[in-house]
Amino acid sequence: MSYVFSPSPVVSVPAVGRAERFPVHRIYCVGRNYEEHAKEMGFTGREAPFFFMKPADALVVVKPGETGELPYPSLTTNLHHEIELVVAIGQGGRNIAAADAPQHIYGYAVGLDMTRRDLQGEMKKQGRPWCIGKGFDASAPIGPITPVAQAGDVAHAAIWLQVNGADRQRSNVGQLIWNIAETIEHLSAAWELQPGDLIYTGTPAGVGPVVRGDTLEGGVDGLGGLRLKVV
């Protein structure tokens, strides 16, 4: 098959202990999925989960043991960090029951949902979609994917982020409003999940701004960490 120009290469993420890489299909993100973060954003309660998306090529893939570079994006003066557990889907499906969700998971990774908060806020005020605040270039840093068998008890693991060595976010995945299986159930009712999909499951409280020169280091216990410098 020929094309009018050369297609972009497949976006992929390294998998711990594997020579093969994990090819990425779509990136789904869950909004306000930790209670304390929902409160800091002005919301309360266990509202129905909602989702937004980022393009696959928004990933900034950081290899194990390396410090990645996160380019400060255009049009913003208020770039926020949001540390997240990322679920990597290995088996697709539609209308997946929560009880069946674990068999669809390939593994887990540590990710950041970077947010142009000022642009997101302006779009909210105008009642417009806020893709410009969430789905920009390099808005989805991610570390290596750890297969399920090597990941341990991710559902109750500590999750944390430091900026320049100081704590910004620290919680536990067990504090998710909608847990991993429930999130997959809701998400697969709206979209048919495919192998290669990534789900950014939400961020704990403590989100805040970063500037050029800052170093971000985050993790989820049992998984490979994520370290970046804003440039």
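Residue numbers start at 1 and run along the sequence shown.
Summarising the hydrophobic clusters (Ile, Leu, Val, Met, Phe, Trp, Tyr; side-chain heavy atoms under 4.5 Å, direct or chained), the residues clustered with V16 are none.
Residues passing the ring-ring contact (aromatic ring centres under 6.0 Å, His included) test with W130, sequence neighbours excluded: F52. With sequence neighbours excluded, no residue forms a ring-ring contact (aromatic ring centres under 6.0 Å, His included) with H104. Partners of P102 by side chain to side chain contact (heavy atoms under 4.5 Å, CB included), not counting sequence neighbours: none found. Remark: F22 pairs with Y106 by the ring-ring contact (aromatic ring centres under 6.0 Å, His included) rule, at least two apart or across chains. Under the salt bridge (charged side-chain N to carboxylate O under 4.0 Å, His left out) criterion, D167 pairs with R170, sequence neighbours left out.
Between the side chain of E182 and the backbone N or O of N179 there is at least one donor-acceptor pair closer than 3.5 Å. Between the T115 side chain and the R117 main chain, no donor and acceptor come within less than 3.5 Å of each other. In this structure, the side chain of E185 engages the main chain of A98 through a donor-acceptor pair within 3.5 Å. Put simply, the side chain of D197 gets close to the backbone of Q194: a donor and an acceptor are under 3.5 Å apart. Side-chain atoms of D118 never come within 3.5 Å of backbone atoms of T76 as a donor-acceptor pair (strictly under, hydrogens ignored). With hydrogens and angles ignored, the 3.5 Å screen pairs no side-chain donor or acceptor of T203 with any backbone N or O of E84.
Hydrophobic clustering (side-chain heavy atoms under 4.5 Å, transitive across Ile, Leu, Val, Met, Phe, Trp, Tyr) keeps Y28 apart from Y200. Each of L112 and V13 belongs to its own hydrophobic cluster when Ile, Leu, Val, Met, Phe, Trp and Tyr are linked at side-chain heavy-atom distances under 4.5 angstrom. Placement of L198 and L193 in two distinct hydrophobic clusters is found when ILVMFWY residues are connected by side-chain heavy-atom separations under 4.5 Å, directly or transitively. The hydrophobic cluster containing I180 also contains F51, counting ILVMFWY residues as joined when their side-chain heavy atoms lie under 4.5 angstrom apart, directly or transitively. Taking hydrophobic clusters as Ile, Leu, Val, Met, Phe, Trp and Tyr residues chained together by side-chain heavy-atom distances below 4.5 Å, V110 shares a cluster with I105.
Pairing each heavy atom of P144 with each of A109, the nearest pair is O-CB, 3.4 Å. The heavy-atom pair separating S12 from V61 by the smallest distance is O-CG2, 3.6 Å. Y34 and G202 get closest at one heavy-atom pair: CE1-O, 3.4 Å. A pairwise comparison of heavy atoms in L79 and P73 identifies CD2-CD, 3.6 Å as the closest pair. Here the closest non-hydrogen pair linking V11 and D57 is CG2-CA, 4.0 Å.
Within the structure, salt bridge (Lys or Arg N to Asp or Glu O under 4.0 Å) contacts touching residues 5-31 (residues at least two apart or in different chains) are R18-E20. Pairs passing the salt bridge (Lys or Arg N to Asp or Glu O under 4.0 Å) check and including a residue from residues 85-100, sequence neighbours excluded, read R94-E192. Every pair passing salt bridge (Lys or Arg N to Asp or Glu O under 4.0 Å) that includes a residue from residues 134-147 is listed here, sequence neighbours excluded: E82-K134, D113-K134. Here ring pair (Phe, Tyr, Trp, His ring centres under 6.0 Å) pairs that include residues 140-180, with residues two or more places apart or in two chains, are W178-H186. For residues 56-86, there are no ring pair (Phe, Tyr, Trp, His ring centres under 6.0 Å) pairs, not counting sequence neighbours.
Taking CE from M114 and OG from S139, the interatomic distance works out to 9.0 Å, rounded to the nearest 0.5 Å. Atoms CZ and OG, on F136 and S74 in that order, are 9.0 Å from each other to the nearest 0.5 Å. Distance check, rounded to the nearest 0.5 Å: CD1 of I177 to CZ of R32 gives 9.0 Å. Taking OG of S171 as the reference point, atom CG of L85 lies at 11.5 Å (rounded to 0.5 Å).
Two residues are said to be in side-chain contact when any heavy atoms from C-beta on lie closer than 4.5 Å; T183 and P49 fail this criterion. Taking the side chain as every heavy atom from C-beta outward, V60 and E69 never approach each other to under 4.5 Å. In this structure, I142 and V86 have side chains that are in contact, with non-hydrogen atoms separated by less than 4.5 Å. The closest side-chain heavy-atom distance from I159 to N172 is not below 4.5 Å. Between E122 and L119 there is no side-chain heavy-atom pair separated by less than 4.5 Å. Using a 4.5 Å heavy-atom threshold, the side chains of Y108 and I145 count as separate. Side-chain contact between I89 and I184 is present, with at least one heavy-atom pair separated by less than 4.5 Å. The closest side-chain heavy-atom distance from R116 to I132 is below 4.5 Å.
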Quiz: residues 208-231 side-chain donor-acceptor pairs under 3.5 angstrom, not counting sequence neighbours:
residue: D214; atom: OD1; partner: N164; partner atom: ND2; Å: 2.9
residue: D214; atom: OD2; partner: V211; partner atom: N; Å: 2.9
residue: E217; atom: OE1; partner: R227; partner atom: NH1; Å: 2.9
residue: R227; atom: NE; partner: T67; partner atom: OG1; Å: 3.0

Audit row: R168, Q162, side chain to side chain contact (heavy atoms under 4.5 Å, CB included) steps and yes/no: CA-CA 5 Å; R168 286 282 189 90; Q162 294 182 330; over 6 Å; no
